[in-house]
> 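Let me begin by handing over the structure; questions about it come next.
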Amino acid sequence: MQINPRCCNPRESSVQPKSQRVLQQPVKSHKATGTNLDLFGDIELDVADKLDAYEHKGPWTNRLVLGDSLQVMNSLLEYEGMGSQVQMIYFDPPYGVKYGSNFQPFVRKRDVKHGPDDDMIREPEMVKAYRDTWELGLHSYLTYLRDRLYLAKQLLAPTGSIFVQISDENIHHLREILDEVFGSENYAGQIAFFKTSSQSTTSIPSVCDYLLVYAKNIAQQRYYPLTRPKAPGEVGAKQYTSIFSPDLTEMRAMSNEELSGVSPIPAGWKIGALGPISSPGYQEARSQPYDFRGISVPCPRNRHWSYDPSPGKEMDRLAAKNRLWWTGSNLRTVLLLDDNPITYFDNVWMDTGTGSFTEDQVYVVQTAEKVVGRCIQMATDPGDLVLDITCGSGTTAYMAEQWGRRWITCDTSRVPIALARQRLLTSTFPWYRLKEPSKGPAGGFVYERKQNKRGEEVGGLVPRITLKSVANDEDPKVEVLADRPETNNKITRICGPFTVEATIQAAMTMEDDVPMASPQPTASGSPRAYLDRMIEVLRQSKTLRLPGNVTLELENVSALADREYLHAEGVARNGTEKRIAVVFGPQDGAIGSEYVFNAHTEALQQGYQQLFLFGFAIDAKAREMLAKLKLSTTYVAVTPDVVMSDLLKTSKSSEIFSITGLPDVRLEEEAGNDKDGAPLYRVVIKGLDIFRPDTMETDEIPAENLPCWMLDSNYNGMAFFASQVFFPKTSAWENLRKSLEGQFADSVWEHLAGTVSEPFALGDKKRIAVKAIDERGNELMVVKSAGGVN
């Protein structure tokens, strides 16, 4: 298996170019609401200046990969030489072996339950992934974890860290495996973070998940402590419950209203607390009584003054600045909240809950953005590479994009890939000012010291004033708060370039002793046994009615033992008999275009009159090429219930098959020409048809009900480059709409959620490609040339 870093894999590769280009063309022709023009043109910023994205220098594009994480990591190591180049890995594996908690079968449906058949995933790759876990229970689960952690260690840079998210169900097992793979000496900590309120009534409520953190090498680990502002009376500032007059000569306790922020503190007064002034251990010179304003104050037994008590030295200077306070029995120091307004995060995060009141949740097992964002800030610098081998809703990619890190993420299921692509393409991010724009994010962000009207530190540079620096009139140490870089509010930042790729499935052999289709034996047995089972399924179905009044007789289908690509043969009737060839797709993957071509060639050579492909999935490019083959070739979708019947309770033979057509797309000429005089065109997508052989009816899916469709306006036949992207009937564009509120008419957002493309000129290839994404994340692609204009 090899993943081409530039998406030349013709099977399931698509390229998302610079995201502002995807958005510029649709929004450029829609005038901003209320915009006036002067005599010399539009005085507003050009859309290219309003929408921009970070670009990483060098030959790099972020990557969204459809494929098993083990294959992807092996490819990154063996084929692309990326060992020791990843700064951070985020791994959010299944928390256990239950089915419903691990997968989401539909793009628009988040509710997944463990029992019902309707909630079970239907992707063959995911069926296989779950089978491997389910087959041997905990043993398979732990093997799954160990294998991926072993490769993760090889990918990590010497300064890198891995964060593994888990619940309390299997955290003890995971800790043992991490100790085995990374070494217990490289354990860097365990973080508990609040997820949501528990509904459990039969046991102790579980309201948090955990992060286990390990370094590649603890001695070289890159680590930045996380900070947060202090709040009076809260963790990190519990003792700060008093206020002092402007000259620090008066002190009183804060009222409850002042502590809660309901009532302001008096102007000029400062929040503070009384602190210790002595340290453990007797020292002759520093343990003598100190004369404080005529009062001889003895040093506590077996302690010494923390500051030099010599005349004119530190203690006297602090006293002169009213930083010493006599309580009547003890001498204390005056600590002001403004001196050190930040505190450090510990390993319990209570502000990370997800849900409708915190952030949009699009995936059933979605991780809070705060959690991943903090991990990224803790372990990486801008420009570093972050890898997430369990994409899910794409939270890691989203947060890496926000904070200027490079990223790679993968998932076995097409649903998360579809969700992550939509989330990235429609998201907006703050434009953090770059310290060295020529280097991109790798040059770092700009940080400044700022204060609000109340004198609170709100910038990214915060001074830490110590009493020793006050006593010695020293400049305070300045802390950098990584999450407070300076922003340019005139630019709405959108997602930078990324590719969408897929792993290449291994070829299937008919030899029982060499099961190349799967490196390890599976519950389904050898490829030969799988094909025998598929042939038996066809025989039991007896007949299959197809569009055009064609009846395929399945009862007499017989296996072919001496063919390289063809698996079986049978008879089709449509007034006359036709000799047909049958090919079965892999049980845990999609039928690829190369296999289709080879099977078609063999069928022609053997004199067959028609070719049928029975599979659980087919690549978009392979599906599109069927109409171009010399021999009539039909793809018949087989419900994955066939290979997972032991997991499902019911399986009706009449509902085994379906035939999905290509997207109904029109390439139409548009009035006018572009600035270079080239004629303009537009694409109109009508919908998608699914033929149901059991009812002989066609389900028509209107284009406005498709989760997503994309246009490549200059298709090169190798990789799909999205030039325009549309998400019909969703609120996907709301983030961008809010960011550009008032700058564009409502029509632009209706257009981006519509079924008609923006006018465009054909490129040098003189052909376009359109990909439609269905509810299960499947991609269906159709190609149109200039000669096919309607």
Side-chain angles (χ1 to χ4, degrees), residues 14-30 51 53 64 66 104 106-110 359-363 366 391-395 397-398 401 413-429 492 494-496 498 500 620 663-665 682-688 701-713 720-741 744-758 760 769-782:
S14 57
V15 178
Q16 172 56 47
K18 196 170 184 179
S19 297
Q20 60 265 43
R21 294 175 191 157
V22 174
L23 298 176
Q24 276 178 14
Q25 191 169 355
V27 301
K28 228 171 184 179
S29 62
H30 291 72
L51 298 175
L64 180 60
L66 172 64
Q104 179 171 324
F106 299 100
V107 173
R108 292 175 178 165
K109 180 182 178 184
R110 287 194 298 108
E359 61 191 58
D360 293 337
Q361 192 166 12
V362 298
Y363 194 58
Q366 180 171 323
C391 174
S393 63
T395 300
Y398 176 88
E401 186 72 36
S413 171
R414 289 180 288 275
V415 170
I417 297 296
L419 290 171
R421 172 167 46 201
Q422 173 177 315
R423 185 178 183 184
L424 290 165
L425 282 176
T426 59
S427 293
T428 60
F429 309 96
T492 296
I494 52 182
C495 187
F498 68 89
V500 181
D664 185 2
V665 171
R682 68 174 185 169
V683 165
V684 180
I685 183 168
K686 300 292 187 180
L688 193 65
I701 302 176
E704 55 266 24
N705 288 339
L706 292 172
C708 172
W709 68 279
M710 300 176 287
L711 167 68
D712 182 346
S713 58
F720 185 95
F721 289 80
S723 57
Q724 297 185 41
V725 179
F726 301 84
F727 298 100
K729 296 297 182 184
T730 71
S731 58
W733 295 111
E734 280 304 302
N735 286 336
L736 188 60
R737 183 175 186 168
K738 291 175 182 177
S739 298
L740 298 174
E741 188 172 3
F744 293 97
D746 290 342
S747 58
V748 67
W749 311 112
E750 296 168 1
H751 174 69
L752 290 170
T755 59
V756 181
S757 77
E758 191 68 19
F760 60 91
V770 173
K771 272 190 178 181
I773 314 299
D774 68 13
E775 284 287 356
R776 291 192 179 275
N778 296 303
E779 297 184 357
L780 298 161
M781 184 175 71
V782 65

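The structure presented is a predicted model; accordingly, all values stated were derived computationally and were not measured.
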> Can you name the closest pair of heavy atoms from S713 and F760 and give their distance?
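Closest heavy-atom pair between S713 and F760: CB-CD1, 3.6 Å.
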
> Ignoring hydrogens, what is the shortest heavy-atom contact between F727 and P707? Give both atom names and the distance.
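Distance-wise, the nearest heavy atoms are CD2-O, 3.5 Å.
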
> Kindly say whether E704 contributes a backbone atom to a donor-acceptor pair with the side chain of W709 at under 3.5 angstrom?
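Answer holds: no.
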
> Indicate the atoms forming the closest heavy-atom contact of I685 with A772, along with that distance.
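Closest heavy-atom pair between I685 and A772: CD1-CB, 4.3 Å.
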
> Can you find a pair of side-chain heavy atoms, one from V500 and one from L66, that are under 4.5 Å apart?
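When only atoms from C-beta onward are counted, L66 and V500 do not touch, as no gap falls below 4.5 Å.
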
> Under a 3.5 Å distance rule, please check whether Q724 uses its side chain to pair with a backbone N or O of E758 as donor and acceptor.
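A pair under 3.5 Å: yes.
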
> Would a 4.5 Å heavy-atom cut-off, applied to side chains only, mark V725 and R421 as touching?
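In short, these two side chains do not touch, never coming nearer than 4.5 Å.
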
> Does L425 reach the side chain of C495, with side-chain heavy atoms less than 4.5 Å apart?
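Counting from C-beta outward, L425 and C495 never come under 4.5 Å.
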
> Minimum heavy-atom separation for G392 and P416, please, with both atom names.
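Distance-wise, the nearest heavy atoms are O-CB, 3.0 Å.
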
> Go through the structure and list residues passing side-chain contact (heavy atoms from CB on, under 4.5 Å) with V756, not counting sequence neighbours.
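Residues passing side-chain contact (heavy atoms from CB on, under 4.5 Å) with V756: R682, V684.
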
> Which heavy-atom pair separates P663 from L688 by the least distance, and what is that distance?
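Shortest heavy-atom separation between P663 and L688 comes out as N-CD1, 3.7 Å.
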
> If you take all heavy atoms of L711 and S757, which pair is closest and at what distance?
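Closest approach of L711 to S757, heavy atoms only: CD2-CB, 4.0 Å.
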
> Just jot down the side-chain contact (heavy atoms from CB on, under 4.5 Å) partners of A769, sequence neighbours excluded, or say none.
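A769: side-chain contact (heavy atoms from CB on, under 4.5 Å) contacts with D712, Y715, F720, M781, V783.
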
